[in-house]
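Fair warning: this is a prediction, and the values are worked out from it, not measured in the lab. Residue numbers begin at 1 in each chain, while the letters A, B, ... track the order of the sequences.
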Amino acid sequence: MKYDVVVVGGGPAGSVTARFAAEKGAKVLIVERRQEIGVPVLCGEGISRKIDDWGMLEGKRWIASTMEGARIYSPDKTCVTLSADVAGNETGYVVYRDIFDQELARRAVKAGAEIMLNTTATGLIKKDNEIKGVKVKQFNEEFEIQTDIVVGADGVESKVGEWAGINTCLKPTDLETCAQYTLTNVECSDAYCDFYLGKEIAPGGYIWVFPKGKDVANVGIGILASFSESGMAKKLLDKFIESDHRLKKGEPVRFLAGAVPVSLPVETVRDHLVLVGDAARHVDPITGGGLTHCLEGGKIAGEVIGEAVEKQDFTKEILMKYETGWKNAFGGKLKRNYAVKEIMLDMDDKTFNMLADSLKDYKFEELSTYSLIKALVLKHPTLLMKLKPLMKMSKEV
Amino acid sequence: MGKPKALVDRELCLACGGCISVCPQSAISMHGMRAFVTREKCISCAICIRTCPVGAITGEVY
Ligand SMILES: Cc1cc2nc3c(=O)[nH]c(=O)nc-3n(C[C@H](O)[C@H](O)[C@H](O)COP(=O)(O)OP(=O)(O)OC[C@H]3O[C@@H](n4cnc5c(N)ncnc54)[C@H](O)[C@@H]3O)c2cc1C
Ligand code: SF4
Ligand code: SF4
């Protein structure tokens with residue numbers, strides 16, 4: 001069995017990479033250990049509407065609801081509102097991640113990619129230290145697949161990078177450990193995504209309420225693993241729901257545990273190897289959002305891989321175009337927001353309350369972490385001194 | 001007596017992968033969509049125990 005490209009992981013990053021490589025004529029195989037793409041869902045399912053501009057998803061079946069804005073609540077419940085009427089229409093969607101992922105996979109297949117389900121990658125095949133393929137296990141059968149390029153799209157727990165000698169182990173300060181209920185019978189009457197901050201509420205993270213249409217909402221928590229104790233994320237989430245009048249009558253139709261890397265990105269290319277999505281740690285360290293980077297980065301990766309296959313040159317030098325590409329697209333933002341994350345970790349609840357109070361009537365230009373940070377820097381030049389150079393560094397939203 | 005090693009309760013694990021991503025020894029992997037600790041590799045650091053959002057990993061109190 002020989003392919004030009006084997007993509008390990010059929011999540012959004014893997015499918016988008018596969019699609020764009022296949023569109024350039026490469027023979028692509030996606031190996032996915034699950035028995036159904038996108039299932040179980042491990043996501044808050046919120047995404048910026050800027051994906052509309054990229055045209056990667058057809059139809060509307062993957063959209064659960066459209067968002068008009070976001071509200072951020074400080075520990076004393078002071079509310080900062082980022083709304084569509086100030087920010088224009090650029091807000092977001094809450095999606096059905098299972099349908100979303102399957103739609104991306106469908107487009108990959110349409111472009112010519114193949115998918116092998118129930119198949120776990122267990123290692124790389126190397127000859128004289130050169131990557132030659134992937135070892136896989138399908139039910140009880142183990143076999144090898146030869147390939148010129150291996151794509152690690154295997155998510156937060158990624159092993160592909162490690163097999164190639166890239167250190168992808170996360171420090172507990174760089175992982176958000178999460179739990180989420182999809183609740184029915186809740187009162188979420190408006191189309192706003194709500195975020196709740198505070199050391200008691202969610203140390204080093206936040207609680208989110210994303211309305212999913214009618215009386216359904218994703219209610220989840222992420223806390224920094226370095227502050228976590230066994231089972232703490234779930235306990236804090238249960239406590240929050242019990243104390244919230246809109247949510248406490250809710251009944252769960254889904255419960256999930258999750259993990260989000262909030263580190264700096266890792267090295268993403270080696271000879272014959274590319275890492276994309278969560279495996280590359282392409283997640284916004286403030287929001288924990290990774291989906292837009294999967295799409296944006298996956299497209300760049302796929303195109304660069306396609307070119308490498310055309311040229312039959314699989315060296316790091318050729319594949320490096322992908323790393324340069326994602327750094328130009330969103331690398332600056334990830335770096336800036338990582339620095340902001342570090343500063344936020346040093347802030348106590350009183351500071352959060354004070355910052356929220358200063359922004360409670362602020363009119364934001366757009367709904368993004370960039371405009372939020374910009375407003376904070378304008379209001380508190382001394383407190384956020386460290387951030388100023390970072391703002392110059394990157395205007396990416 | 002050695003320190004207690006991490007042990008995953010397969011009934012409670014929801015396969016989020018968090019423990020796998022933070023284990024400094026790469027001692028944890030996914031088997032049949034549940035986390036699994038290779039005891040020989042575990043150095044009893046308890047990072048995974050504290051990370052698990054649903055409390056599916058135990059050892060003993062350190
Ligand atoms: C609780 C939670 C809430 C989140 N909320 C949001 C949000 O609201 N908005 C947002 O933008 N992002 C959110 N994220 C982040 C987002 O889910 C990720 O960034 C995104 O899923 C990453 O996509 P991916 O394709 O890189 O990896 P994944 O979607 O994780 O896909 C990886 C795939 O690889 C497969 N795989 C892994 N190892 C192997 C192997 N060895 N062999 C074969 N297959 C393998 C897995 O089964 C999986 O299907 C959230 C994450 C969590 C956990
Ligand atoms: S952190 Fe807990 S729920 Fe997540 S994979 Fe590990 S044992 Fe399972
Ligand atoms: S206790 Fe430490 S070494 Fe052992 S499995 Fe957990 S994280 Fe890995």
Side-chain angles (χ1 to χ4, degrees), chain A residues 33-35 39-40 42-43 118 120-123 137 139 154-159 161-163 167-180 205 220-238 254-263 278-279 281, chain B:
Chain A
R33 67 179 177 199
R34 296 168 162 190
Q35 56 187 351
V39 179
L42 299 178
C43 190
N118 288 308
T120 307
T122 56
K137 194 171 170 197
F139 302 105
D154 47 344
V156 61
E157 69 187 76
S158 180
K159 289 283 167 202
E162 190 186 309
W163 294 333
N167 180 10
T168 53
C169 181
L170 293 168
K171 292 178 288 180
T173 46
D174 284 343
L175 182 85
E176 294 285 337
T177 175
C178 307
Q180 177 184 279
I221 187 170
I223 64 178
L224 210 61
S226 54
F227 295 138
S228 172
E229 294 297 336
S230 174
M232 188 166 155
K234 179 176 185 292
K235 277 182 213 147
L236 287 173
L237 181 62
D238 288 338
R254 174 192 284 158
F255 177 70
L256 62 87
V260 182
V262 286
S263 66
D278 278 14
R281 311 314 187 202
Chain B
M1 208 180 75
K3 278 187 168 182
K5 310 233 176 189
L7 180 72
V8 177
D9 184 336
R10 290 183 60 90
E11 300 283 314
L12 293 177
C13 172
L14 292 174
C16 73
C19 56
I20 300 176
S21 71
V22 289
C23 173
Q25 297 298 308
S26 303
I28 317 179
S29 50
M30 210 61 89
H31 281 252
M33 289 319 268
R34 293 289 178 266
F36 174 84
V37 179
T38 305
R39 284 182 62 94
E40 298 72 45
K41 288 192 187 171
C42 174
I43 54 161
S44 309
C45 72
I47 291 177
C48 61
I49 299 177
R50 287 202 300 271
T51 297
C52 180
V54 293
I57 316 180
T58 49
E60 271 167 47
V61 185
Y62 291 75

Portion of [X] that has a non-hydrogen atom of chain A nearer than 4.5 angstrom:
X: B:Ser26; answer: both
X: B:Leu12; answer: neither
X: B:Cys19; answer: neither

Note to self: Assess the residue pair A:Leu170 and A:Arg281 against the criterion (side chain to side chain contact (heavy atoms under 4.5 Å, CB included)); give the C-alpha distance rounded to whole Å, side-chain angles, the decisive distance to 0.1 Å, and a yes or no.
What the structure shows: CA-CA 10 Å; A:Leu170 293 168; A:Arg281 311 314 187 202; 3.6 Å; yes
Greatest number of heavy atom pairs closer than 4.5 Å to chain B - which of [options]:
options: A:Ala233, A:Ser158, A:Ala259, A:Ser228; value: A:Ser228
options: A:Ala257, A:Cys178, A:Ala225, A:Pro261; value: A:Ala257
options: A:Leu175, A:Leu42, A:Ile221; value: A:Leu175

Checklist line | Option in B:Pro53, B:Gly18, B:Gly17, B:Gly55 with maximal non-hydrogen atom pairs under 4.5 Å from chain A | finding: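 Answer, by heavy-atom pair count under 4.5 Å with chain A: B:Pro53.
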Checklist line | A:Thr177 side chain to B:Thr51 backbone, donor-acceptor under 3.5 Å | finding: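 Flag set: sc A:Thr177 to bb B:Thr51 pair under 3.5 Å.
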Notebook entry, point to check: Between the main-chain N or O of A:Gly231 and the side-chain N or O of B:Arg50, is there a donor-acceptor pair closer than 3.5 Å?
Noted result: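 Pair absent, no side-chain N/O of B:Arg50 close to backbone of A:Gly231.
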Next item on the list: Go through B:Arg34 and B:Val8 one step at a time and tell me if the side chain to side chain contact (heavy atoms under 4.5 Å, CB included) criterion holds.
Entry: CA-CA 8 Å; B:Arg34 293 289 178 266; B:Val8 177; 5.6 Å; no
Item checked: Engaged part of A:Lys159 at the chain B interface, taking heavy atoms whose separation is under 4.5 Å ->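 Only the side chain of A:Lys159 comes within 4.5 Å of chain B.
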Check: Quick one: what part of A:Glu176 sits under 4.5 Å from any heavy atom of chain B, side chain, backbone, both or neither?
Finding: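 Contact with chain B: none, neither part.
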Notebook entry, point to check: Taking atom CE of B:Met33 and atom CG of B:Leu14, what is their separation to the nearest 0.5 Å?
Noted result: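 CG of B:Leu14 is found 10.5 Å from CE of B:Met33.
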Item checked: From A:Arg34 atom CZ to A:Thr120 atom OG1, the distance as rounded to the nearest 0.5 Å ->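 These two atoms lie 11.5 Å from each other.
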Note to self: Apply side chain to side chain contact (heavy atoms under 4.5 Å, CB included) to residues A:Met232 and A:Ile223 and explain how you reach the verdict.
What the structure shows: CA-CA 9 Å; A:Met232 188 166 155; A:Ile223 64 178; 4.0 Å; yes
